[in-house]
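Read through the structure below, which is laid out as C-alpha cells, and then see the notes.
Note that this is a predicted model, so its numbers are computed, not measured.
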There are 2 protein chains.
Amino acid sequence: MHEVAELAGVSRMTVSRALNHPEKVKEKVRLRVFEAVSQLGYVHNHLARSLSSNRSNVIGLVLPSLENSIFSQTVKAISDVLRPAGFHLMLAEATDDAKVEEAVIAAFISQRVAGLVLHGTQHSPASIRMLKGANIPVVENGDIPTEPIDMVASYSNRAASRAMTLHLARLGYKKIAFASLANNPRAAERQIGFLEALEEAGHKPDPRRMVAVSRGFVGGTEAIAHIEQSAPDTDAVFCAGDVIAVGALLECNRRGWDVPGRLAIASYDDLELMRHVNPPITALRLPRHEIGRRSAEMLLARIVDRELPARSADLGFEILQRGST
Amino acid sequence: MHEVAELAGVSRMTVSRALNHPEKVKEKVRLRVFEAVSQLGYVHNHLARSLSSNRSNVIGLVLPSLENSIFSQTVKAISDVLRPAGFHLMLAEATDDAKVEEAVIAAFISQRVAGLVLHGTQHSPASIRMLKGANIPVVENGDIPTEPIDMVASYSNRAASRAMTLHLARLGYKKIAFASLANNPRAAERQIGFLEALEEAGHKPDPRRMVAVSRGFVGGTEAIAHIEQSAPDTDAVFCAGDVIAVGALLECNRRGWDVPGRLAIASYDDLELMRHVNPPITALRLPRHEIGRRSAEMLLARIVDRELPARSADLGFEILQRGST
DNA sequence: TGATTTTGTGATACCGGTATCTTTTTGAGT
DNA sequence: ACTCAAAAAGATACCGGTATCACAAAATCA
C-alpha cells in the first residue's frame with residue numbers, strides 16, 4: 001500500500017479512502033490511485049483491514065454433518081446471499097457433540113467472524129456464554145428453540161412431524177409406525193410431534209411401532225424388517241430422516257409388498273429422489289433454501305445495516321401428497 | 001492480552017510464547033499465564049496473529065457447485081485433516097465461469113489464506129497469474145491436468161471413462177451409448193475416454209448414441225427417451241455423471257425394460273444409492289474421500305512441515321461390477 | 001472581501017499480536 | 001566461588017491497514 005501511495009503521490013490514508021469510500025476522494029486523485037493499484041497489481045489485505053477496523057467480512061457456519069447432502073441447499077443459499085455483499089463463508093462440522101461444538105465456536109470467535117450460523121439448537125452453557133460474550137449476531141437453524149441465543153430461521157420439527165402424522169391419519173391409516181435416527185436431538189422433537197398427533201387423532205401409541213434405525217438407506221431396510229417382525233399389522237410408516245423412506249420403499253419393492261396397499265410410506269424430507277422412485281413418496285417440503293437465505297439476510301441486516309431484524313422466523317413447511325400414501 | 005500479562009505479572013511477549021511455544025516458558029510461569037487466561041476468558045485473536053506472523057491458518061476451497069452432493073465427501077475429508085492441525089476451511093462456489101473464479105481467488109488471496117484447493121482444472125490466465133504471484137500452495141482436484149499450477153490430487157476422468165467402457169465391451173455389449181452433461185469440462189474428458197475405448201475395442205462410434213442430458217435424475221429419463229427414439233438397438237448405456245444412471249434405471253423400470261437384459265446401465269460415480277436400487281448399478285468407485293484427504297495433507301506438508309510433497313498424485317479408481325450390467 | 005462552513009488530505013496513534021534482538025536469570029563446569 | 005554458555009523473559013519495532021483529529025483548500029455566505 002505504501003508503494004501505491006508513493007506512485008500516486010498521496011498518503012497511505014488517501015489510498016485507503018479511495019478504496020473504501022471512493023466518494024470521499026476527489027475524482028482526479030481517485031483515478032491516480034486506481035491507476036497505481038492496477039499498475040502494481042496491489043491486492044488489499046483483508047486481514048489487516050479487519051484487525052484495524054475491528055470488523056471482518058467472514059461468516060462462520062457450523063453444521064452437524066458435512067456428509068449430509070441435506071445441508072447443501074442451505075449452504076448454497078447462504079453463499080449466494082453473502083457473495084454479492086462481499087462476505088465469505090467459513091465452514092465447520094460439529095457433530096452433535098458439545099465439546100467439539102465449543103472448540104469450533106471458539107475457533108470462529110478467534111477468527112473474529114462477523115456473524116455465525118448454527119445448524120442445531122442445543123448448545124452447552126459454555127458455548128452460549130462464549131457466543132453472548134463475543135457480541136456478534138448469531139442465527140440458529142434446524143429447529144425453533146424455546147430460548148434462542150439471538151436469532152432463529154427455521155421450521156418447527158415438532159409441528160412438521162405432527163402435521164404429517166395427522167395427514168396420514170386423515171388418509172385413514174390406523175396403525176402408523178415411526179422410524180427415526182437414534183441419539184439425534186431433532187429426531188426427538190419429531191417423535192414428540194408424532195405422538196401429539198396420534199393422541200389428537202385418537203390413536204393409541206404403540207411402542208412396537210417406534211423404530212430407531214441407522215443412518216442411510218439401510219435404515220429403511222431395518223425399519224421394514226422391524227415392522228415385519230414386531231408389528232406386521234402396521235399400515236403406514238413415517239420415516240423421519242434423510243433417505244430412510246427411500247430405503248424402506250426399495251426394501252418393500254424387493255419383498256414385493258405393495259406400496260401403499262400393504263404399507264404406506266411417508267418421508268420427512270423431500271429430496272429430489274422422492275419424486276423419481278415408484279411410487280413417488282409423500283414428503284414434507286422443508287424450506288432448506290429459504291433457511292439459508294433468511295439466515296444470511298438476518299446477519300447482514302445486523303452487520304451492514306445495523307438493523308434489528310425480527311428475532312425469529314418460522315419458515316413453515318408443506319405436505320406433498322404423492323403415490324406412496 | 002495486555003490484561004492477561006498484567007494479571008500473570010509477565011510481559012505480553014511471554015503470554016504469546018506461553019500460548020504458542022509452551023516449551024519455551026518455565027512451567028511455573030506458564031501455569032500462571034494459563035490461569036490468567038482462563039480467569040479472564042481470554043480468546044486469542046487469530047487475525048492479529050496472522051497479520052503479524054504473516055501466516056494464516058485458513059485454507060480456501062473452491063467448488064464448481066455447492067449443491068452437488070458429490071463434493072460433500074471431499075469437503076468432509078479435507079475438514080477432517082485440517083481440524084486436528086488447527087486449520088480452518090473457507091468455502092466458495094465458482095460455477096464453471098472464469099470471471100467468477102477470478103473474483104473468488106482474488107478474495108481468498110486477499111484474506112491471506114495459507115493454501116488453496118481448486119476443484120476444477122481449467123483456469124483463466126489471470127487466475128493462474130494471481131495464484132503464482134500469491135506464492136501459496138495450491139492443489140487441483142477433479143482431473144489430472146497436463147500443466148498443473150502447483151500440485152494435483154485426483155483421478156483421470158479420461159482413464160476412468162475409458163476403463164468402464166472397455167469393461168462393458170469385455171462383457172459383450174456391442175452398441176454402447178454415452179450420456180453426459182453438456183458444457184462441462186470434465187464431461188468432455190470423459191467423452192474422449194469413451195471414444196478411445198470404443199476404438200480400442202473395435203467398435204464404431206455412432207453419433208446417435210452420444211446423448212447430452214440435463215442435470216439430475218431427469219437426465220436419465222431423457223437419456224432413455226433419446227435412446228428409444230434415435231438408436232433403439234442400443235444394448236448398454238454409460239451414464240457419465242451424478243445420478244443420471246439412477247434416473248435411467250428408474251425410467252427403465254417404469255417402462256418395464258429389463259435391466260440388463262434389454263439395456264445395461266453403468267454409472268460414472270458410485271453414490272450409496274447405486275447399491276440400493278434394483279438391480280444395483282455397476283459403477284466406478286472414485287476416490288472422493290481420498291482426494292480430500294490427500295489434498296489437505298499435501299497443503300499441510302508444504303505449510304507446516306515445509307516439505308515438498310510429490311507434485312501430482314493419481315489416486316486411481318475401481319470398477320464395481322453389479323447387477324445392472 | 002472577509003468570515004464561515006464544507007470538503008479533501010495528511011499526521012499520528014493504534015488494532016492485537018509476533019519477530020528479533022537485548023538483557024537477565026539459571027545452572028553446569030572447574 | 002567464579003566463569004561462561006544456555007535458557008528465560010523483556011523491550012522494541014513492525015505486520016498492513018484504519019480511526020481520529022488536525023489542518024489546508026475550496027466553496028458558501030453575509
Would you say B:Arg55 places a side-chain N or O within less than 4.0 Å of OP1 or OP2 belonging to C:dA19?
yes
Using a heavy-atom cut-off of 4.0 Å across all strands, would you classify [X] as base, sugar-phosphate, or nothing?
X	answer
A:His46	nothing
A:Asn45	sugar-phosphate
B:His2	nothing

Let's test your reading of the model: under 3.5 Å, does the base of [N] pair with the side chain of [X] as donor and acceptor?
X	N	answer
B:Arg17	D:dA9	yes
B:Arg12	C:dG17	yes
A:Ser11	C:dG10	no
B:Arg112	D:dG16	no
A:Arg30	C:dG8	no

With the threshold set at 4.0 Å, does a side-chain nitrogen-carboxylate oxygen contact exist between A:Arg302 and A:Asp150?
yes
Given [options], the nucleotide with the shortest approach to the side chain of [X]:
X	options	result
B:Val10	D:dG10, D:dA19, C:dT9	D:dG10
B:Val25	C:dA19, C:dG16, D:dA9	D:dA9
A:Leu51	C:dC15, D:dG17, C:dG17	C:dC15
B:Thr14	D:dG17, C:dA19, D:dG10	D:dG10
A:Ser52	C:dG16, D:dG16, C:dG10	D:dG16

Measure from [atom1] on [X] to [atom2] on [N] and round the result to the nearest Å.
X	N	atom1	atom2	result
B:Lys28	C:dT26	NZ	C1'	13 Å
A:Glu3	D:dG17	CD	P	11 Å
A:Leu47	C:dC15	CG	P	17 Å
A:Glu23	C:dT6	CD	P	18 Å
A:Arg32	C:dG8	CZ	P	15 Å
B:His21	D:dA7	NE2	C1'	15 Å
A:Lys24	D:dA25	NZ	C1'	17 Å
A:Glu6	C:dG10	CD	P	13 Å

By nearest nucleotide on DNA chain C, pick out whichever of A:Lys26 and B:Met13 is the more 5' one.
A:Lys26
Side-chain touch [X]/[Y], heavy atoms, less than 4.5 angstrom:
X	Y	value
A:Arg55	A:Ser50	no
A:Leu118	A:Val139	no
A:Val58	A:Phe108	no
A:Glu140	A:Ser154	no

Mark yes when over 12 heavy atoms from residues, nucleotides or ligands other than B:Glu23 sit less than 6.0 Å from its CD; otherwise mark no.
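Yes, CD of B:Glu23 has more than 12 neighbouring heavy atoms, counting only those of other groups under 6.0 Å.
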